[in-house]
Amino acid sequence: MSVIRSFGERYATALADPDVRAGLTAFQRGWRVSRDAAIAELEAQEGRSFDELRAELAAIKDGVLADWEPHLDTFTANATAAGAEVVRVATPGEANALITERMQAAGADLMVKGKSMVSEEMGLNSHLEAAGMTPVETDLGEWILQLAEETPSHLVMPAIHKRKEVIAELFERVLERPFPPDDIDRMVKAARTELRERFLASSVGLSGANALITEGGSILLVCNEGNNRMSVALPKLHVVTAGIEKLLPTYADAMKQVRLLGRSATGQPITIYTNFLTGPRPGQEQLIVLLDNGRTAMAEDPDVAAALRCIRCGACADVCPPYGVVGGHAFGHVYTGAIGLVNTSFHHGIEAAAGPQSLCVSCGACATVCPVEIPLPVQILEIRENVARSGESGTAGRVTRLALRAFQHPTLVDLGLRAVGVATTPLRRDGVTALPSALTARGPLAERIGWRTPPAVPARPARDTLRHGRLEEPPRLAEQPLAGRKVQLFLQCVSDRMAPDIPIAAAKLLRAAGAQVTVPRDQHCCGLPAYDSGEQDTARSMVRQTMAALADGADVVTPASSCLAMIGHDAPYLLRGDVAEVERAQELAGRTYDLISYLTSGPGRLPAGSLDDGDRTPVTVHRFCQASNTLGRTDAIESFLRDVAGAPVVPLPEASECCGFGGSTSVRNPELSSGILDRKLGCVDRTEASVLITDNPGCILHLRGGVHASGREVEVLHLAEYLVRRLPGATSTDQER
Amino acid sequence: MTDRTAHDTPVAASPQRQLLRTRVEAAASTYQEVDGWEQVSAHAAAHGDRVAIAPSLHAAQPALAASLEAHGCTAVVPGTDDPAADVADVPVAIVAGVLAVAETGSVLVSEHELADRVVTMLCKRLLQVVDAADVVDRLEDAAVWLAARGGRAGFASLMTGPSRTADIERSLTIGVQGPDEVDVFVLVGTDAATEESTT
């Protein structure tokens with residue numbers, strides 16, 4: 001019998017097993033290739049974009065979710081007319097009791113099960129076993145896990161965390177004959193032989209439902225292995241377990257789901273068996289159990305209702321960097337991946353959701369592949385706020401809250417960080433703080449801090465250097481698109497204090513392009529760290545403070561793309577309770593740019609070749625994940641570097657994947673963060689470029705720390721730092737960071 | 001459902017059937033256009049000495065069993081008492097599809113009775129036969145057929161290739177609980193047109 005252990009145990013177990021990460025990385029890479037090809041083929045076939053297709057399916061689902069009662073009534077009436085019995089239950093306990101009772105009444109003690117996530121949600125197997133009955137999973141992955149006494153780690157590929165060697169050993173132990181690990185076919189055939197006896201012997205079969213089709217009272221049930229077809233056909237009683245949100249009005253709607261489901265799940269245009277069941281077969285009974293278990297509460301909460309659109313394809317896990325490091329046992333509860341971070345608190349309580357949600361790096365990748373357009377990153381932050389409010393985030397959460405509240409006060413931050421800067425002067429080397437090797441090389445702290453050298457905290461923040469008249473006049477470009485234009489530079493709190501060269505380089509570049517650069521005095525922090533930590537009240541107050549500081553109607557340019565994501569994307573959402581505030585936030589968003597967009601699509605568009613100093617050292621570009629996933633930027637930096645700076649750009653594999661910084665995640669869960677960083681730096685190694693360019697200061701400090709700690713010879717530069725060196729007549733101080 | 005003139009040009013198949021062929025083969029099934037059931041029988045007999053016939057197909061094509069016997073193999077039509085036992089060890093099976101979807105290379109099989117279902121579930125090799133007139137373009141065309149059934153009890157399955165799994169290390173393995181091999185036959189001969197009225 002499998003039991004879900006505490007989050008801490010699951011996290012530690014996942015990190016301790018090197019196979020987990022290696023296997024999941026290979027899985028994610030393979031999935032990405034298959035899925036992208038399948039979606040591209042679909043777009044060509046339909047003559048419509050993925051975004052159009054998923055918006056269509058999302059709208060169909062939303063139409064039901066707005067009020068599912070009439071749809072449920074029609075479904076129930078139609079299914080009943082076809083001979084099924086439909087029972088709605090509020091809790092897993094009721095569902096388990098009902099199913100057990102029916103099995104007892106039928107004199108049955110063996111149940112063959114097709115894959116059903118709702119039955120996992122209910123804990124049905126444990127319940128049946130406690131009642132002396134035997135549930136047998138018949139999906140290959142689920143069966144493997146049942147033999148191993150584990151739970152699924154993925155919605156579609158339940159045993160993807162297990163290597164074939166481990167599965168072969170398991171088969172040898174259970175079936176008492178040899179299984180060579182490379183002979184997967186032999187393992188599959190063994191499952192067929194073992195399970196066929198069970199299919200033929202069982203008088204009760206269970207399945208889930210991919211959709212409940214109102215129009216005909218039918219159940220859509222897909223599978224590849226054919227096990228589902230057997231577990232619904234052979235037994236005399238067929239039990240269906242499904243969430244009440246699975247309704248679709250028509251068969252044509254179901255086909256739209258089919259088109260996106262297989263492609264998103266496994267890269268297949270359609271599953272091998274796409275079954276439509278209407279009532280029981282002759283000589284059979286059919287019991288359809290529709291479970292609520294928090295779904296009504298979700299539907300009534302506008303912040304998370306869209307999560308009920310989920311069609312359980314698992315795509316959100318397949319692109320998730322933390323999932324790739326620890327897998328679904330840690331990154332989820334019963335439901336894994338990004339969707340699990342949202343729905344777990346409704347199905348299993350906030351305490352079950354607290355641990356897994358802390359692993360999210362807010363990279364936004366999940367939202368780009370979701371076939372029903374669930375705004376998962378935003379919803380996860382809503383859950384994170386609920387966790388913070390509930391106190392389930394523990395000591396770490398309380399410390400974070402106090403720190404962020406203190407961080408709201410600019411004077412306090414200013415004095416504090418200046419003091420740190422002075423105190424750490426002896427340790428400052430090349431932009432990092434060189435900690436004594438006694439701390440980082442071994443001992444209890446080594447694993448938590450040794451993988452990333454912390455950034456230096458200079459004694460003088462950027463705002464001091466940029467004070468009016470202090471910065472020497474930079475060389476001017478021949479063509480000055482910004483001549484006479486006023487630009488307010490938003491420094492970003494992290495760069496200002498820990499990487500002042502970045503905003504200083506940005507200021508020089510803007511001036512070289514003719515801008516009159518001002519640094520508004522009252523600027524502090526856009527509020528992203530607080531929002532990212534689930535402290536939305538604190539975040540709102542910082543957003544308001546930023547809006548006040550930048551109220552002057554001139555353009556705002558920031559070298560930090562993360563601040564643009566906050567000001568341009570998140571702030572209007574956070575202030576959604578007040579129409580006037582939203583308007584003001586949108587007004588600011590409309591004139592705020594990150595450096596690259598200002599220099600490419602904004603007013604500061606630089607002519608081709610204008611920053612070409614003839615240097616042809618190859619560079620590679622890490623695309624800040626939120627810029628790609630949230631702001632929709634693609635290859636702007638690469639194109640700019642090629643066209644305007646004349647630099648040879650080597651494409652970085654997985655360029656848009658998170659580097660592992662993830663705001664609070666790298667502090668809370670350093671082991672996870674270092675795992676993601678390893679994958680990123682591995683990709684950088686493959687380019688053989690010696691210069692890595694990106695444009696988000698958080699990523700830069702994180703990547704520099706990782707490069708330094710691993711002894712790599714790669715220079716990590718902000719776009720502005722790289723470009724400023726290429727200004728005509730750049731000084732030697734510009735050449736060395 | 002499609003223009004009857006498609007039958008006049010069995011050699012140069014319609015673009016719709018060309019797409020069907022492409023998709024069927026992409027799903028790891030074979031695709032053949034044949035003049036009539038005789039070629040289906042010959043193919044079945046070449047792959048096993050016992051061949052199961054779905055009872056609904058047997059009712060519509062009573063001559064099929066004799067045709068199989070003529071090829072020297074035993075035709076098995078499962079009864080209603082214990083149909084699974086009747087076909088559990090029969091390696092090859094034949095079923096008729098109500099339509100085929102070119103978009104996905106799927107054959108829609110309607111199999112309400114257990115005796116029909118065991119035929120497609122338990123064999124190693126499944127022959128799916130569909131009339132050229134019943135090849136449709138898109139999944140929505142299959143939805144029209146499903147909706148037209150008006151909620152009557154039934155079981156319809158869009159089948160797209162042999163059963164498969166990738167549950168172990170995402171490694172594709174063909175043949176799990178369902179058939180290992182699927183052959184799709186499209187009846188394009190003139191006799192198909194007359195037989196269609198009986199199916």
**Student:** Is A/Arg259 salt-bridged to B/Glu103, cutoff N-O under 4.0 Å?
**Tutor:** yes
**Student:** What part of B/Ala27 lies closer than 4.5 angstrom to a heavy atom of chain A: side chain, backbone, both or neither?
**Tutor:** neither
**Student:** Looking at B/Glu111 and A/Arg281, is any side-chain nitrogen of the basic one under 4.0 Å from a carboxylate oxygen of the acidic one?
**Tutor:** no
**Student:** Are any non-hydrogen side-chain atoms of B/Leu158 and A/Met255 less than 4.5 angstrom apart?
**Tutor:** yes
**Student:** Report, by ascending residue number, the residues of residues 194-203 of chain A in heavy-atom contact with chain B at a distance under 4.5 Å; give 'none' if the set is empty.
**Tutor:** A/Leu195, A/Arg196, A/Phe199, A/Leu200
**Student:** B/Val182, B/Asp180, B/Asp82: which one forms the most heavy-atom pairs within less than 4.5 Å of chain A?
**Tutor:** B/Asp180
**Student:** Do you see a donor-acceptor pair shorter than 3.5 Å between the side chains of A/Asn275 and B/Ser157?
**Tutor:** yes
**Student:** Side chain of A/Lys189, backbone of B/Gly175: donor and acceptor closer than 3.5 Å?
**Tutor:** yes
**Student:** With a cut-off of 6.0 Å (strictly less than), are more than 12 heavy atoms of other residues, nucleotides or ligands near CD of A/Glu56?
**Tutor:** yes
**Student:** Just so I understand: if I count every heavy-atom pair under 4.5 Å between each of A/Gly262, A/Gly30, A/Ala191 and chain B, which residue has the most?
**Tutor:** A/Gly30
**Student:** In the structure I gave you, are the side-chain heavy atoms of A/Met157 and B/Asp167 within less than 4.5 Å of one another anywhere?
**Tutor:** yes
**Student:** Is any side-chain heavy atom of A/Asn224 closer than 4.5 Å to a side-chain heavy atom of B/Thr165?
**Tutor:** no
**Student:** Measure distances from A/Gln268 to the heavy atoms of chain B and classify the residue's part below 4.5 Å as side chain, backbone, both or neither.
**Tutor:** side chain
**Student:** Does B/Arg149 pair with A/Glu215 as a salt bridge, N-O distance under 4.0 Å?
**Tutor:** no
**Student:** Less than 4.5 Å apart, side chain to side chain, heavy atoms only: is that true for B/Ser171 and A/Lys164?
**Tutor:** no
**Student:** Can you tell me which portion of B/Ser106 sits under 4.5 Å from chain A's heavy atoms? Options are side chain, backbone, both or neither.
**Tutor:** side chain
**Student:** Tell me, side chain or backbone of B/Leu108 under 4.5 Å from chain A's heavy atoms, or both, or neither?
**Tutor:** neither
**Student:** Report yes or no: do B/Ser163 and A/Glu225 form a side-chain donor-acceptor pair below 3.5 Å?
**Tutor:** no
**Student:** Which region of B/Pro83, side chain (C-beta onward) or backbone (N, CA, C, O), has a non-hydrogen atom less than 4.5 Å from a non-hydrogen atom of chain A, or is it both or neither?
**Tutor:** neither
**Student:** Of all of A/Tyr251, A/Trp31, A/Phe27, which one pairs up most often with chain B through heavy atoms under 4.5 Å apart?
**Tutor:** A/Tyr251
**Student:** May I ask you to check whether A/Thr266 and B/Arg170 show a side-chain donor-acceptor distance below 3.5 Å?
**Tutor:** no
